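The structure appears right after this line, and notes come after that.
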Amino acid sequence: MPLLQIRGLTHYFGGLRAVHNFNLDLEPGELVGIIGPNGAGKTTVFNLITGVYRPTAGEILFNGHSLVGKRPDQIIAMGIARTFQTIRLFKDLSVLDNVRIAHFAQTSYGVMDALFRLPRYRREEAEIRERAMELLDLMGLADQANWVASSLPYGLQRRLEIARALATEPRLLLLDEPAAGMNPGEITELMDLIQWIRRQFNLTIILIEHQMRVVMGICERIKVMDFGETIAEGTPTEVQNNPRVIEAYLGEEAIV
Amino acid sequence: MQGFIQQVLNALQVGSVYALIALGYTMVYGIIRLINFAHGDIFMVSTYVAFFVGTALASYLLGLSGLLLFVLTLIASMFATSLLAVLIERFAYKPLRYAPRVSAVITALGVGLFLENFTLATIGPDPRFLPRFFTVQTYTVGGVAFSNIQMIIIVVSALVMLVLDTVVRRTMVGMAMRAVSWDKFTAPLMGVPVDRIISITFAIGASIAAVGGCLYGMVYTIDPYMGIRIGWWAFISAVVGGIGNIRGAMLGGYILGFVEIFTPVILPASSYRDFVAFSILLMLLIFRPYGILGRPVAQKV
Amino acid sequence: MKERRSVVDNALRPVRALYVAAVRPIQEAYNALPASVRRWTMPAVLLLGFLLSLAAPSLINLYWQQVLIYVGINIILAASLNLINGYMGEFSVGHAGFMAVGAYVASIMTVWVFPRMGLKEAVPYLFPLALTIGGLAAGLTGLVVAIPSFRTRGDYLAIVTLAWNMIVKSVLENLDVVGGPRGFMGMQKLTNLPWVFVWVVVTIYLLRNLIYSNLGRGILSIREDEIASSLVSVDTRRVKIVAFVISSFFAGVAGGLFAHIIQFIDPRTFSILKSTDVLVMVYLGGIGSLGGSILGASIYTILMELLRPLQVWRWVVGPLLLVLLMIFRPRGIMGLREWGFLIPKEERPAFVDALREQVRQKREPAAVPAGASE
């Protein structure tokens with residue numbers, strides 16, 4: 001059974017058609033890329049999957065359960081995590097807190113346990129603290145655990161965002177332009193990192209990216225979007241040679 | 001039926017004043033997304049200016065016709081109040097234009113309280129009367145009684161609103177206002193003098209409030225805390241109509257005027273009117289936060 | 001604007017230097033003490049404080065006892081409002097509304113309910129119960145603001161809280177059973193310094209526990225970025241309910257304490273002016289800081305007492321202070337910083353460093369790919 005099934009996903013902003021008839025079957029362990037010009041509706045797809053917007057039409061099934069109408073936090077707790085196009089860390093909080101917050105759905109102690117520091121609170125907090133630190137250590141961020149997130153260099157902020165997403169213990173990870181603003185050296189590191197977390201955490205990944213090097217380098221399958229429509233789909237080589245893709249990217253004159 | 005028409009006239013009279021003040025809230029919110037909580041107190045200050053100027057003029061220039069006296073008082077009040085509003089904007093709000101919005105809102109709240117307590121400290125808590133500009137004449141048509149004052153309030157308010165609506169829709173200044181309101185970062189790149197437009201907005205809002213103040217002062221007494229209640233009602237008017245929307249503020253003002261007049265008719269006592277007004281506000285914010293004429297804003301992720 | 005800010009900083013520099021010079025040696029001497037001794041410092045200080053509050057009648061005159069009681073009540077108010085305005089980053093202007101609910105309900109308990117249950121003699125002992133019931137009632141009404149906060153944010157939510165404040169006042173004015181606009185009286189003077197001390201300690205302790213929990217981090221994450229927060233699994237609705245209910249609970253408790261010191265409450269006491277006073281304390285002391293609330297409430301309450309000779313002009317000071325604070329120091333004295341002793345041991349940097357070493361020893365090295373390590 002596919003991990004994620006999207007059927008006829010459509011979304012309008014007022015009269016503007018942001019996504020139209022988007023379909024996707026994602027098998028566990030796949031790494032699929034979504035590319036397309038700015039405004040093609042890529043991020044909207046992520047927002048629809050994670051419940052930020054409610055689709056105008058269409059169905060999203062994760063593990064056989066429908067996601068439509070669920071709140072973002074419920075969807076994340078089901079095993080989907082995402083990062084953002086522009087970094088959205090909790091800037092004034094420590095690196096450790098950023099990751100600990102993402103453990104929210106994994107705790108079960110209540111308000112009273114917290115207010116009176118009852119055993120359940122102590123036990124679960126100790127667990128979260130340790131798990132968060134292990135994750136930071138694994139991601140090479142442990143030395144900065146006490147830092148305020150905004151004081152991290154840009155590359156590490158990107159990595160912390162990925163760490164925070166991983167802390168929700170996802171099966172499916174949605175990465176929204178993780179290479180944006182990175183230099184070629186950092187991009188190589190990022191590609192290694194994505195491959196590595198994919199193995200380490202048994203992840204299925206959807207990647208939105210403008211950097212062709214990243215998409216072509218690590219994705220097995222690519223979907224190309226333009227004006228909300230899926231205009232092409234296939235392996236990196238197939239997509240690269242598709243005339244409609246070239247047209248969308250370079251303008252009509254290029255192929256004439 | 002006569003009783004009903006009578007109440008409608010009263011509602012229009014009260015509603016006119018709310019609408020005039022609501023315009024100031026809505027214009028400022030429209031242009032810099034600030035709830036100018038001090039606006040009700042700016043209205044209060046305008047009535048005090050009218051009180052001092054009017055009293056002085058009436059005693060020094062005896063025999064001045066009522067109309068002239070009224071017009072002079074009105075102009076003085078409008079001018080002084082705009083100046084005050086522009087100064088407040090310049091020294092209290094402008095430094096916070098790019099700070100978190102909450103900071104500016106708290107500042108506005110503080111400025112309002114400052115104006116109230118400052119007036120209280122300097123002038124004292126006693127209620128005052130504006131000089132009588134016009135002799136009250138009461139007419140009765142078909143059993144409905146109304147006064148010339150009432151007519152002046154309703155007609156002058158309507159005229160002011162008509163002028164404002166035209167200015168915002170048809171003139172360069174209005175266009176610039178809408179440009180700043182749309183995008184305060186891009187507008188300067190198009191040659192719109194943002195600072196000046198914001199100042200003008202505050203000045204217009206305040207002078208309309210001053211018109212409201214002079215009209216209000218012809219009927220009621222004035223005191224340092226009057227701006228709180230009337231300010232709030234005007235503010236609710238602006239939200240009911242859809243804050244940031246000029247026609248909405250006018251509509252909202254009249255609606256609140258009806259709420260004020262008809263609450264005691266329906267409920268046992270007039271002391272329930274605040275409860276009714278704020279409950280309307282609360283319900284509206286929960287179910288239709290953008291008001292009657294406003295439009296919802298989409299969030300960007 | 002940057003320049004002006006540095007003027008303030010420069011003016012404050014000697015104060016800060018003085019503070020550091022005075023506190024640093026004490027801190028160092030204290031840290032040199034063995035851990036077994038340090039463990040008992042906090043209990044000892046609290047005990048001493050409690051004993052002092054018991055002994056207060058023979059130490060200071062009635063007036064200053066009264067002032068200290070107000071300081072305590074204001075600390076509870078400021079700390080609980082800080083949970084919403086500082087930690088959660090929402091903007092509540094209606095704290096006095098919740099305070100009013102607590103004040104009236106607690107007063108009804110001690111004046112009517114307990115005596116009619118035949119417990120007239122026991123009322124002084126049932127006082128904490130009355131305060132708790134008042135707090136619970138206020139907490140319940142916290143839902144009135146919490147539920148709109150799911151959909152409305154920022155200045156719109158500020159209006160909701162404000163409307164709430166006005167509605168409470170208006171309802172009380174129309175409720176003849178509790179005296180309507182004439183107010184409610186008959187309360188005994190049950191609030192005294194020891195009680196206030198205990199409630200302040202309880203409030204700060206419980207709020208601290210909440211803040212350094214999963215829910216507390218949820219509250220912080222809403223301030224930082226609500227959408228990102230829900231997208232890392234934070235149930236923002238639950239968090240908001242918890243924050244508003246607990247914040248209003250303590251506002252209610254403060255209201256109850258307040259009612260039993262002045263022994264007369266009327267709707268006008270709990271107007272927007274009262275809410276603004278609490279706002280000044282929060283923003284003066286510092287947002288997102290319990291120490292800041294303690295500081296802000298103490299400074300503001302005592303300052304207003306010292307300014308009493310200014311009469312009406314005194315009321316100009318608060319608003320002016322608020323405006324100046326917003327322009328020059330929007331985060332307040334302690335903004336987003338905390339006094340060390342208010343941070344649980346497990347949350348301090350040293351503990352985190354120790355945890356890192358512990359975690360590192362457990363795992364086999366070099367899990368990170370070479371390229372990604374630095």
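We name chains A, B, ... by the order of the sequence lines, and we start the count at 1 in each one. Excluded from the calculations below are hydrogen atoms, water molecules and symmetry mates; all remaining heavy atoms, backbone and side chain alike, are included. Here the structure is a predicted model, which means the values were calculated and not measured.
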Problem - Heavy-atom pair with the smallest gap, counting every atom of C:P319 and B:G110 - result: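 The pair with the smallest heavy-atom distance is CB-O, 3.2 Å.
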Problem - Closest approach of B:F278 to C:A163 (non-hydrogen atoms, all atoms of both residues) - result: CD2-CA, 3.6 Å
Fill in the blank from the handout: The single option from C:L325, C:L322, C:V282, C:V323 that satisfies side-chain contact (heavy atoms from CB on, under 4.5 Å) with B:I106 is C:L322
Practice task
Specify which of C:N174, C:V312, C:V316 makes the most heavy-atom pairs with chain B at under 4.5 Å.
Solution key: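 Max contact count across the listed options: C:N174.
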Might you confirm whether atom [atom1] of [X] has over 12 heavy atoms from other residues, nucleotides or ligands at distances under 6.0 Å?
| X | atom1 | answer |
| --- | --- | --- |
| B:Y254 | OH | yes |
| B:R229 | CZ | yes |
| C:W313 | CH2 | yes |

What part of [X] is in contact with chain C, defined as an atom under 4.5 angstrom from a non-hydrogen atom: side chain, backbone, both or neither?
| X | value |
| --- | --- |
| B:L281 | side chain |
| B:Y93 | neither |
| B:R273 | neither |

Problem - Student check: side-chain heavy atoms of C:M326 and B:L96 closer than 4.5 Å - result: yes
Nearest-0.5 Å distance that lies between atom [atom1] in [X] and atom [atom2] in [Y]:
| X | Y | atom1 | atom2 | answer |
| --- | --- | --- | --- | --- |
| B:N117 | C:L273 | CG | CG | 7.0 Å |
| B:F37 | C:I272 | CZ | CD1 | 7.5 Å |
| B:D274 | C:K169 | CG | NZ | 7.0 Å |
| B:S103 | C:R331 | OG | CZ | 9.5 Å |
| B:L113 | C:D277 | CG | CG | 9.0 Å |
| C:Y283 | B:T107 | OH | OG1 | 10.0 Å |

Heavy-atom distances under 4.5 Å only: say whether [X] touches chain B with side chain, backbone, both or neither.
| X | answer |
| --- | --- |
| C:V93 | side chain |
| C:I159 | both |
| C:V317 | neither |

Exercise for the section: Would you please test C:W315 and B:F118 for side chain to side chain contact (heavy atoms under 4.5 Å, CB included) and show each step? Expected result: CA-CA 8 Å; C:W315 301 113; B:F118 186 82; over 6 Å; no
Handout entry: Set of residues satisfying side-chain contact (heavy atoms from CB on, under 4.5 Å) with respect to B:V265, sequence neighbours excluded
Key =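 If we apply the side-chain contact (heavy atoms from CB on, under 4.5 Å) test to B:V265, skipping adjacent residues, the hits are B:Q7, B:F262.
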Exercise for the section: Determine which pairs satisfy ring pair (Phe, Tyr, Trp, His ring centres under 6.0 Å) with at least one residue from residues 139-158 of chain C, sequence neighbours left out, and list them in order. Expected result: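 Non-adjacent pairs meeting ring pair (Phe, Tyr, Trp, His ring centres under 6.0 Å): zero.
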Exercise for the section: Show the numbers, then the answer: is there a side chain to side chain contact (heavy atoms under 4.5 Å, CB included) between B:F91 and C:I327? Expected result: CA-CA 9 Å; B:F91 290 105; C:I327 297 175; over 6 Å; no
